[in-house]
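Accompanying notes for the structure given below.
All figures in this text were calculated on a predicted structure; none of them were measured in a lab.
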Amino acid sequence: MMKTSYAAFFLALNLLFAGSLVHSAQVWDRYNVKVAPGEAHAVLQAFNDLQMSEAGSNRMASVHLQQSIFGGSSGTTHFIVALYPSRAEFERARKALAGTKAWKNFRPR
């Protein structure tokens, strides 16, 4: 009986910690963008405006805009990778950006 209660206790403790580790693990997000020829400068300007906005500059993320040399059948020409230190920061930043003028201006057309 004593072994069973120890096993149940440690199982519950491990499940509790496993859930907190998932919530605090690093999170990344990727956005694929198809930019029309000659429009790359406008996308870069909108991206910079987004990064310099209040919501964009207050997030704890490493954000990279990169050009794709070949996009395959999807036609992707650029992509953005955002690395967040945790799921909680990802959710906080996502909510802060949603609906802002900078996000609306940046969103691919």
Side-chain angles (χ1 to χ4, degrees):
M1 181 69 173
M2 187 71 109
K3 284 186 177 182
T4 305
S5 60
Y6 277 133
F9 172 74
F10 285 115
L11 176 62
L13 190 62
N14 284 331
L15 290 174
L16 176 69
F17 286 132
S20 67
L21 289 174
V22 168
H23 192 71
S24 64
Q26 188 178 44
V27 175
W28 63 272
D29 203 4
R30 178 177 167 147
Y31 303 93
N32 293 321
V33 182
K34 185 176 182 179
V35 179
E39 295 294 321
H41 180 73
V43 170
L44 180 59
Q45 184 61 50
F47 176 76
N48 285 337
D49 291 345
L50 176 65
Q51 293 301 97
M52 299 304 289
S53 72
E54 183 178 345
S57 63
N58 284 334
R59 59 185 164 164
M60 295 172 42
S62 173
V63 183
H64 310 272
L65 173 63
Q66 300 178 2
Q67 181 181 12
S68 178
I69 303 302
F70 55 93
S73 61
S74 72
T76 297
T77 60
H78 295 75
F79 59 94
I80 299 162
V81 177
L83 305 169
Y84 295 90
S86 67
R87 169 72 57 191
E89 174 58 21
F90 169 76
E91 290 297 331
R92 188 201 65 75
R94 184 181 64 80
K95 289 177 184 175
L97 283 171
T100 64
K101 183 178 178 182
W103 177 249
K104 288 177 184 176
N105 288 341
F106 174 72
R107 295 222 28 185
R109 295 154 188 79

### Query
What residue pairs, at least two apart or across chains, pass side-chain hydrogen bond (donor to acceptor under 3.5 Å, both in side chains) with a residue in residues 42-52?
Q45-D49, Q51-R59

### Task
Please confirm whether the backbone N or O of V35 pairs with a side-chain atom of T77, one donor and one acceptor, at under 3.5 Å?
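Looks like yes, one N/O pair under 3.5 Å.
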
## Note on the structure
The side chain to side chain contact (heavy atoms under 4.5 Å, CB included) partners of D29 (sequence neighbours excluded) come to Y31, F90

### Message
Running the 4.5 Å side-chain criterion over Ile, Leu, Val, Met, Phe, Trp and Tyr, what cluster does V81 land in, apart from itself?
### Response
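Via sub-4.5 Å side-chain contacts, V81 links to W28, F79, L83.
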
### Query
Other than M60, what residues sit in its cluster of Ile, Leu, Val, Met, Phe, Trp and Tyr side chains whose heavy atoms are under 4.5 Å apart, directly or through others?
none

Please report the closest heavy-atom contact between [X] and [Y], naming both atoms and the distance.
X: N32; Y: T76; result: CB-OG1, 3.7 Å
X: E54; Y: N58; result: O-ND2, 2.9 Å
X: A82; Y: V63; result: CB-CG2, 4.1 Å

### Query
For E89, what residues pass the salt bridge (charged side-chain N to carboxylate O under 4.0 Å, His left out) criterion, not counting sequence neighbours?
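Salt bridge (charged side-chain N to carboxylate O under 4.0 Å, His left out) check on E89 returns R92.
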
### Query
Between K95 and L97, does a side-chain contact (heavy atoms from CB on, under 4.5 Å) hold up when you go through it step by step?
CA-CA 5 Å; K95 289 177 184 175; L97 283 171; over 6 Å; no

### Query
Is H41 close to V43 at the side-chain level, that is, under 4.5 Å between some pair of heavy atoms?
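No, side chains not in contact.
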
#### Entry: Side-chain heavy atoms of H78 within contact of L65, under 4.5 Å
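When only atoms from C-beta onward are counted, L65 and H78 do touch, with a gap below 4.5 Å.
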
### Task
With side-chain hydrogen bond (donor to acceptor under 3.5 Å, both in side chains) as the test, would you mind laying out the steps for S62 and H64 before giving the verdict?
CA-CA 7 Å; S62 173; H64 310 272; 2.7 Å; yes

### Message
Suppose we screen for side chain to side chain donor-acceptor pair (under 3.5 Å). Which residues come up paired with T100, at least two apart in sequence or across chains?
### Response
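T100 satisfies side chain to side chain donor-acceptor pair (under 3.5 Å) with no other residue.
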
### S53 side, atom OG; K101 side, atom NZ - distance, nearest 0.5 Å
11.5 Å

